[in-house]
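Here the structure is a predicted model, which is why all the values come from computation and not from measurement. Residue numbers count from 1 along this sequence. Counting starts at 1 for both ligands and their atoms, in listed order. We use all heavy atoms of the structure for the numbers below, so side chains are in, but hydrogens, waters and symmetry mates are not.
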Amino acid sequence: MTETAHWWKKSVIYQIYPRSFCDSNGDGVGDIPGIISRLDYLKALGIDVIWLSPIFRSPQDDNGYDVSDYRDIDLLFGTLEDVRELFAQAKRRGIKIMLDMVLNHTSDEHPWFLEARQSRDNPKHDWYIWRDGVPGTPPTDMISTFGGSAWQWVPECGQYYLHQFSVKQPDLNWKNPEVRHALYDMINWWTEQGAGGYRFDAIESIAKIPEAGIVEEGPMLHEYVKELSAATLQGKNLVTVGEAWSANIERAKRWSNPDGSELSMVFQFQHIIQDEIPGGNKWDRRPLYLPELKKVIGAWQRGLRGCGWNSLFWENHDLPRIVSRWGNDKEYRETSAKMLATLLFGLQGTPYIYQGQELGMTNTDYPLSDYRDIELCNMAKERLAAGWPEKTVMELIHAKGRDNARTPMQWSNARNAGFTSGEPWLRVNPNYVQINVENEEKQPDSVLNYYKKLISLRRENDVFFDGDYTAISEEREDIFAYRRENGRSVLTVAANFTGRPVLIPELEYHTRGDLLICNYPTAEVCDQLRPYEARMYLATAQTE
Ligand code: TEU
């Protein structure tokens with residue numbers, strides 16, 4: 001692999017959730033022409049790649065993660081022609097488009113499944129995962145991520161099919177080579193259309209063995225991924241990322257092997273689940289213990305060095321807003337949003353920004369009837385029926401519900417945040433009046449302008465790309481600080497994770513060099529970090 005083949009190591013990737021980004025036709029749902037109209041905004045932000053959540057034909061049971069035609073665009077979002085135009089317009093601005101490939105399952109309305117469910121003898125039957133049984137007694141006690149049994153009875157076949165997610169998302173049978181090759185052909189077709197890369201949804205689950213209770217990392221997983229990579233990715237200069245909740249460092253070394261045999265990188269979630277109870281699910285919360293978070297991030301930084309590659313992220317369309325989660329979205333909203341950005345952008349890896357993160361957008365506190373997400377709504381229904389107090393259920397939703405991230409992008413303080421001229425599919429966060437692109441573009445010290453600066457800083461010095469990671473005072477519960485060194489430069493990043501001033505005697509030794517960026521407008525106080533203060537220093541061979 002040549003250095004240029006790894007161009008994505010120096011890129012910044014921006015995730016667009018199309019439904020909530022920009023609506024051009026007033027139907028209340030974001031669309032492709034809307035995205036095209038905002039490309040200049042993204043160019044000015046400085047990003048290199050857009051990861052587009054699914055835009056394919058879909059009944060939208062899970063907002064597009066239930067695909068009924070991989071080779072066409074959902075009418076909600078536009079047409080194939082619009083996507084070709086998006087590719088062309090993005091290319092003109094030096095931006096690549098990464099498509100979101102949902103290969104673990106299809107929609108139950110995909111023609112493959114419509115055939116498969118007709119009878120056991122149908123040639124497409126074996127494309128999905130079926131088990132014999134009797135109604136009312138599912139073959140295993142596997143639970144779907146969105147609630148209830150993961151098995152659905154089909155009387156025509158006298159069998160159950162497996163759905164790891166909603167009942168409208170039947171799992172594909174990757175054991176069947178025809179399935180794999182149909183998917184590879186489809187990916188190659190998209191590459192020919194001009195896609196610049198792929199995010200592979202739930203890819204860790206494709207080799208599951210339900211009877212053994214194995215969902216992620218089944219024994220055949222990496223063989224399938226290697227085959228996929230050889231058939232569709234290698235030698236094409238694409239950037240790829242797999243979604244792998246189960247990834248630990250050892251597994252991630254395989255996923256992101258620099259020899260290019262699998263993917264460019266994976267989304268590893270060990271850092272972001274630090275405020276969840278181990279062994280529980282996303283709704284089982286516990287307070288974040290900062291030394292543990294630092295330990296995990298540090299281990300990944302050191303663990304993949306030279307033998308893999310990290311993706312760096314705080315947010316995506318499934319996760320809450322980071323400023324509400326680990327910052328302070330009240331009196332220190334801007335300062336803490338910038339602090340979290342500083343920490344992320346100082347690390348080794350490819351940073352991802354989820355739409356609105358660059359504005360410091362926050363979680364929501366809507367009543368239940370204002371939410372739309374299938375996972376959130378099913379959870380509320382189940383728990384309320386089981387007698388959970390409404391207050392507790394609403395607290396969980398406000399903290400962890402996926403719709404926190406899915407509220408419309410806040411473009412201006414015009415009606416509906418300038419997102420749509422119609423009725424938005426999901427309520428706009430009322431704080432759009434203050435938090436929006438138009439305001440933040442005007443304010444030199446906005447979160448948006450801070451992100452712009454961080455992105456441009458990463459381009460100016462190679463230490464961001466190849467510097468070695470060393471933790472500073474990893475055991476401290478109040479600060480997050482580290483150093484990156486590559487023999488030519490030393491980058492020091494220090495952040496106060498609390499709302500009170502803290503002393504940082506250890507920083508004095510490391511402070512040699514220039515202050516690159518700080519989230520306070522006034523000069524730094526040398527041995528102290530103000531509430532949520534973050535600083536980055538750079539010392540180079542000359543300044544030392
Ligand atoms: O998520 C896969 C996944 O593992 C989810 O269960 C995730 O844990 C959940 O969304 C957390 O709340 C991917 C997509 O990112 C998600 O949006 C889809 O709903 C899911 O696959 C099914 O395609």
Visitor: Which residue owns the protein heavy atom closest to atom 1 (O) of ligand 1, what's the atom, and how far is it?
Guide: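 The closest heavy atom on the protein side is E243 OE2, 3.0 Å.
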Visitor: Parallel under 30°, tilted from 30 to 60°, perpendicular over 60°: which one fits the rings of Y70 and W112?
Guide: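 Plane angle between 30° and 60°, so tilted.
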Visitor: Out of all atoms in ligand 1, which are within 4.0 Å of some heavy atom of F146? Include the element for each.
Guide: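 Once the distances to F146 are compared, the set is 19 (O).
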Visitor: Under 4.0 Å between a side-chain nitrogen and a carboxylate oxygen: does that hold for R199 and D201?
Guide: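 A salt bridge links R199 with D201.
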Visitor: Got a list of side-chain donor-acceptor pairs under 3.5 Å for residues 374-387, not counting sequence neighbours?
Guide:
residue: E375; atom: OE1; partner: K282; partner atom: NZ; Å: 2.8
residue: N378; atom: ND2; partner: F146; partner atom: O; Å: 2.9
residue: E382; atom: OE2; partner: G148; partner atom: N; Å: 3.3

Visitor: Quick check: closest heavy atoms across D108 and P170, and the distance to 0.1 Å?
Guide: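 In this case the closest contact between D108 and P170 is N-CD, 3.5 Å.
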Visitor: Would you mind telling me which of K400, R325, R402 makes a side-chain contact (heavy atoms from CB on, under 4.5 Å) with L319?
Guide: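 For L319, the side-chain contact (heavy atoms from CB on, under 4.5 Å) check succeeds only for R325.
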Visitor: Only heavy atoms of K282, strictly under 4.0 Å: list the atoms of ligand 1 that pass.
Guide: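 Here the atoms of ligand 1 in question are 11 (C), 12 (O).
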Visitor: Suppose I only count heavy atoms of R406 and a 4.0 Å limit; which atoms of ligand 1 are within that range?
Guide: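 Selected atoms, number and element: 17 (O).
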Visitor: State the atoms of ligand 1, each with its element, that fall below the 4.0 Å cut-off from a heavy-atom position in T145.
Guide: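 Reading through ligand 1 atom by atom, the close ones are 6 (O).
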Visitor: Atom 16 (C) of ligand 1: which of I273, D318, N104 has the nearest heavy atom?
Guide: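 Result: the heavy atom closest to atom 16 (C) of ligand 1 is in D318.
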Visitor: Does a salt bridge link K295 with E292, judged by any charged N lying under 4.0 Å from a carboxylate O?
Guide: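 Answer for the salt bridge query: yes.
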Visitor: Counting only heavy atoms, which portion of W283 has something under 4.0 Å from ligand 1: side chain, backbone, both, or neither?
Guide: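 It is neither; nothing of W283 touches ligand 1.
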Visitor: Could you tell me which residues satisfy salt bridge (charged side-chain N to carboxylate O under 4.0 Å, His left out) with R71, sequence neighbours excluded, listed by chain and number?
Guide: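 Per chain and number, R71 pairs via salt bridge (charged side-chain N to carboxylate O under 4.0 Å, His left out) with no residue.
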Visitor: Would you say Y65 and S58 are linked by a side-chain donor-acceptor pair, where the criterion is simply a distance under 3.5 Å?
Guide: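 No, because no side-chain N or O of S58 sits under 3.5 Å from a partner of the opposite role on Y65.
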Visitor: Between R285 and E276, does at least one N-O distance fall below 4.0 Å, as a salt bridge requires?
Guide: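 Salt bridge absent between R285 and E276.
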Visitor: Relative to each other, are the rings of Y14 and Y41 parallel, tilted or perpendicular (30° and 60° limits)?
Guide: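 Perpendicular, since the angle between the ring planes exceeds 60°.
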Visitor: Considering non-hydrogen atoms of the protein only, which is the closest contact for atom 19 (O) of ligand 1, and what is the distance?
Guide: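 Scanning the protein heavy atoms, the shortest distance from atom 19 (O) of ligand 1 goes to D62 OD2, 2.5 Å.
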Visitor: Would you mind listing which atoms of ligand 1 come within a distance below 4.0 Å of any non-hydrogen atom of H105?
Guide: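 So the atoms of ligand 1 that pass are 22 (C), 23 (O).
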Visitor: Pull out every atom of ligand 1 sitting under 4.0 Å from any heavy atom of H317, numbered as shown with elements.
Guide: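 It comes down to these atoms of ligand 1: 14 (C), 15 (O), 16 (C), 17 (O).
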Visitor: Could you see which bit of R199 sits under 4.0 Å from ligand 1, with heavy atoms only: side chain, backbone, both or neither?
Guide: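 Side chain only; the backbone of R199 stays clear of ligand 1.
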Visitor: Which residue and atom name correspond to the protein heavy atom nearest atom 5 (C) of ligand 1, and how close is it?
Guide: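 The answer is F165 CE2, 3.8 Å.
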Visitor: Answer yes or no for Q164: is there a heavy-atom contact with ligand 1 below 4.0 Å?
Guide: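 False for this residue.
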Visitor: Any idea which protein heavy atom is nearest atom 14 (C) of ligand 1, and the distance to it?
Guide: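 Ranked first by proximity to atom 14 (C) of ligand 1 is D201 OD1, 3.0 Å.
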Visitor: Measure the distances from the heavy atoms of E216 to every atom of ligand 1 and state whether one is below 4.0 angstrom.
Guide: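 No, that is not the case, since the closest heavy atom of the residue is not under 4.0 Å from the ligand.
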Visitor: Return the residue, atom name and 0.1 Å-rounded distance of the protein heavy atom closest to atom 10 (O) of ligand 1.
Guide: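 Sorting protein heavy atoms by distance from atom 10 (O) of ligand 1 puts R402 NH1, 2.8 Å first.
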